[in-house]
**Q** 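First the structure, then my questions, so here it is.
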Amino acid sequence: MHLARVIGDVVATHKDENLVGIKLLVLQPLTPERANAGRTLVAADAIGAGVGEEVFFVRGKEATFPFYPVEPPVDASIVGIVDHWNVEK
Amino acid sequence: MHLARVIGDVVATHKDENLVGIKLLVLQPLTPERANAGRTLVAADAIGAGVGEEVFFVRGKEATFPFYPVEPPVDASIVGIVDHWNVEK
Amino acid sequence: MHLARVIGDVVATHKDENLVGIKLLVLQPLTPERANAGRTLVAADAIGAGVGEEVFFVRGKEATFPFYPVEPPVDASIVGIVDHWNVEK
Amino acid sequence: MHLARVIGDVVATHKDENLVGIKLLVLQPLTPERANAGRTLVAADAIGAGVGEEVFFVRGKEATFPFYPVEPPVDASIVGIVDHWNVEK
Amino acid sequence: MHLARVIGDVVATHKDENLVGIKLLVLQPLTPERANAGRTLVAADAIGAGVGEEVFFVRGKEATFPFYPVEPPVDASIVGIVDHWNVEK
């Protein structure tokens with residue numbers, strides 16, 4: 001999983017039927033020092049996150065697990081809102 | 001998922017039988033600012049997209065979900081046409 | 001999926017038993033302009049491709065689909081020979 | 001799999017229900033010479049690792065296997081604590 | 001799949017129970033010209049490879065196939081020892 005900040009959302013009327021009702025958010029991955037860590041991506045919101053929040057997301061088929069028994073065609077999902085993290089270097 | 005612009009298509013007569021009838025499009029991934037974000041790729045069209053449109057696509061085994069119960073050997077599929085997106089930085 | 005040119009083959013006598021009889025080809029991924037796009041890889045041939053041909057290949061578990069019901073331990077397979085592609089930039 | 005050092009942890013109260021009770025650790029991937037090898041990530045702890053330990057982790061759906069029969073939405077898990085490694089160059 | 005040279009091994013006493021008895025080797029991926037191709041990784045040995053040998057390995061869930069019916073939490077496995085390869089550029 002990776003840390004990220006929610007920086008936006010995507011609106012799409014015409015989409016796969018299993019995506020209907022799923023909120024699509026734009027994420028900026030973060031380093032533990034809150035620097036940008038690579039490119040933005042679009043993730044399904046499985047947890048009720050909003051713009052500006054720090055979250056962690058999961059990639060791959062595991063991104064569909066929170067939506068079980070539906071299997072939406074998503075490859076990234078927000079699965080937690082971060083309270084804080086602690087890092088020793 | 002990632003944002004992308006459809007920039008072309010691929011014609012292949014000789015291919016896996018489960019790919020017959022699936023349109024193959026060339027995608028240029030985009031940043032939220034519409035700059036190119038990495039290399040182009042070939043994606044299956046699950047939604048009826050065309051050249052010039054802005055879409056989002058899914059990677060991995062999830063790319064086969066829209067074609068269920070057929071499981072074509074694809075690792076990227078267009079699953080939505082984007083109306084617009086909003087990003088705060 | 002990605003476009004590629006077949007540039008060679010790999011000979012391995014001692015290998016997983018589910019790989020016996022599968023041709024292993026070396027691929028150079030290509031941009032739509034036919035420039036090299038990243039590192040070479042080894043792919044299973046699911047379509048009867050040969051050195052010098054332009055193909056497209058699939059990555060991940062989907063690479064095993066053409067060999068069903070056998071599930072060989074492969075993570076990349078050639079699934080089509082390209083006739084041509086069209087790209088607008 | 002990759003070698004890594006555990007450098008921190010993540011606290012998240014609001015998360016997917018299948019993540020409850022799973023410790024989330026921050027990993028710094030390492031080269032065999034113990035240099036940093038790319039970006040940090042967040043991994044589920046399947047083995048009882050702690051900050052400062054050298055471990056190896058697995059990515060992808062395989063990261064869920066240690067938690068069977070639960071399938072938490074994780075894409076990276078620590079599956080071993082390293083005693084030592086030997087490398088000839 | 002990718003070509004690689006086996007350059008070492010990893011010793012881990014405390015690990016996931018499905019990893020017990022599986023040899024863990026350190027791989028240096030190679031280009032067809034035998035230059036280093038990216039970072040080293042740790043792979044499960046499914047074929048009886050040893051340090052110094054040239055092999056090819058598979059990534060992802062497919063890396064567990066050689067160990068069937070056990071599903072060890074591995075994301076890379078050596079599945080063949082290379083006799084030789086031929087590449088035309």
Side-chain angles (χ1 to χ4, degrees), chain C residues 2 4-30 34-46 49-55 57-78, chain E residues 1-6 22-23 25 27-41 43-50 52-89:
Chain C
H2 290 276
R5 184 178 294 116
V6 182
I7 62 167
D9 65 342
V10 174
V11 179
T13 308
H14 184 50
K15 59 191 165 190
D16 185 88
E17 63 184 3
N18 282 330
L19 289 172
V20 174
I22 295 178
K23 190 165 53 169
L24 298 172
L25 296 175
V26 182
L27 300 186
Q28 172 60 61
L30 298 177
R34 293 188 166 76
N36 291 351
R39 292 186 182 125
T40 60
L41 70 155
V42 180
D45 178 24
V51 173
E53 285 187 296
E54 289 177 340
V55 299
F57 65 96
V58 61
R59 287 190 129 131
K61 182 160 189 295
E62 308 86 282
T64 68
F65 291 177
F67 302 100
Y68 181 84
V70 176
E71 284 203 316
V74 300
D75 58 13
S77 291
I78 301 169
Chain E
M1 291 77 77
H2 290 275
L3 304 169
R5 184 178 294 116
V6 183
I22 295 179
K23 189 165 53 169
L25 296 175
L27 300 186
Q28 172 60 61
L30 297 178
T31 70
E33 294 74 30
R34 293 187 166 76
N36 291 351
R39 293 187 180 122
T40 60
L41 69 155
D45 177 25
I47 203 76
E53 284 188 297
E54 289 176 341
V55 300
F56 61 98
F57 65 95
V58 62
R59 286 190 131 132
K61 181 159 190 295
E62 308 85 282
T64 67
F65 291 176
F67 301 100
Y68 181 84
V70 176
E71 283 202 316
V74 301
D75 58 13
S77 291
I78 301 169
V79 290
I81 297 175
V82 175
D83 297 331
H84 62 272
W85 60 74
N86 313 292
V87 171
E88 302 174 14
K89 285 259 175 173

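Order of the sequence lines sets the chain letters (A, B, ...), proteins ahead of strands, with each chain counted from 1. Computed from a predicted structure; not experimentally measured. Just the heavy atoms: all of them, side chains too, but no hydrogens, waters or symmetry mates, feed the values below.
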**Q** Using only atom types and a distance under 3.5 Å, with no angle test, would you say the side chain of E/Ser77 pairs donor to acceptor with the backbone of E/Val79?
**A** no
**Q** Drop me the distance from C/His2's NE2 to C/Gln28's CD, to the nearest 0.5 angstrom.
**A** 12.5 Å
**Q** Counting heavy-atom pairs under 4.5 Å to chain E, which of C/Ala12, C/Gly52, C/Ala44, C/Gly8 comes out on top?
**A** C/Ala12
**Q** Select one option (side chain, backbone, both, neither) describing which atoms of C/Ala43 are under 4.5 Å from chain E's heavy atoms.
**A** backbone
**Q** Tell me, for C/Arg5 versus chain E, whether the close heavy atoms (under 4.5 Å) come from the side chain, the backbone, both or neither.
**A** neither
**Q** Please round to the nearest 0.5 Å and tell me the distance separating atom CG of C/Leu19 and atom CE of E/Met1.
**A** 6.5 Å
**Q** Can you tell which of C/Asp75, C/Leu25, C/Val10 makes a side chain to side chain contact (heavy atoms under 4.5 Å, CB included) with C/Val42?
**A** C/Val10
**Q** Rounded to the nearest 0.5 Å, what's the gap from CG on C/Asp9 to CG on C/Leu24? Could you check?
**A** 8.5 Å
**Q** For the CH2 atom of E/Trp85 and the CD1 atom of C/Ile7, what is their distance to the nearest 0.5 Å?
**A** 11.5 Å
**Q** Pick one of side chain, backbone, both or neither for E/Ala37, based on which atoms fall under 4.5 Å of a heavy atom in chain C.
**A** both
**Q** Pull out the residues in residues 63-71 of chain C that come under 4.5 Å of chain E, heavy atom to heavy atom, sorted by number.
**A** C/Thr64, C/Glu71
**Q** Side chain, backbone, both or neither: which part of C/Val11 has a non-hydrogen atom closer than 4.5 Å to chain E?
**A** both
**Q** Stepwise, does the side-chain contact (heavy atoms from CB on, under 4.5 Å) test hold for E/Val6 with E/Ile78?
**A** CA-CA 9 Å; E/Val6 183; E/Ile78 301 169; 4.2 Å; yes
**Q** Would you compute the distance between atom CG of C/Asp45 and atom CD1 of C/Ile22 and round it to the nearest 0.5 angstrom?
**A** 9.5 Å
**Q** side-chain contact (heavy atoms from CB on, under 4.5 Å) between E/Thr40 and E/Leu27: does it pass, once the steps are laid out?
**A** CA-CA 5 Å; E/Thr40 60; E/Leu27 300 186; over 6 Å; no
**Q** Among the options E/Leu3, E/Val82, E/Val58, pick out the one with the most heavy-atom pairs lying under 4.5 Å from chain C.
**A** E/Val58
**Q** Go through the atoms of C/Val74 and report whether side chain, backbone, both or neither lie under 4.5 Å from a heavy atom of chain E.
**A** both
**Q** Relative to chain C, which of E/His84, E/Lys61, E/Glu54, E/Arg59 shows the most heavy atom pairs under 4.5 Å?
**A** E/His84
**Q** Where on C/Leu41 is there a heavy atom nearer than 4.5 Å to chain E: the side chain, the backbone, both, or neither?
**A** both
**Q** Main chain of C/Gly50, side chain of C/Lys23: is a donor-acceptor contact present, judged purely on distance under 3.5 Å?
**A** no
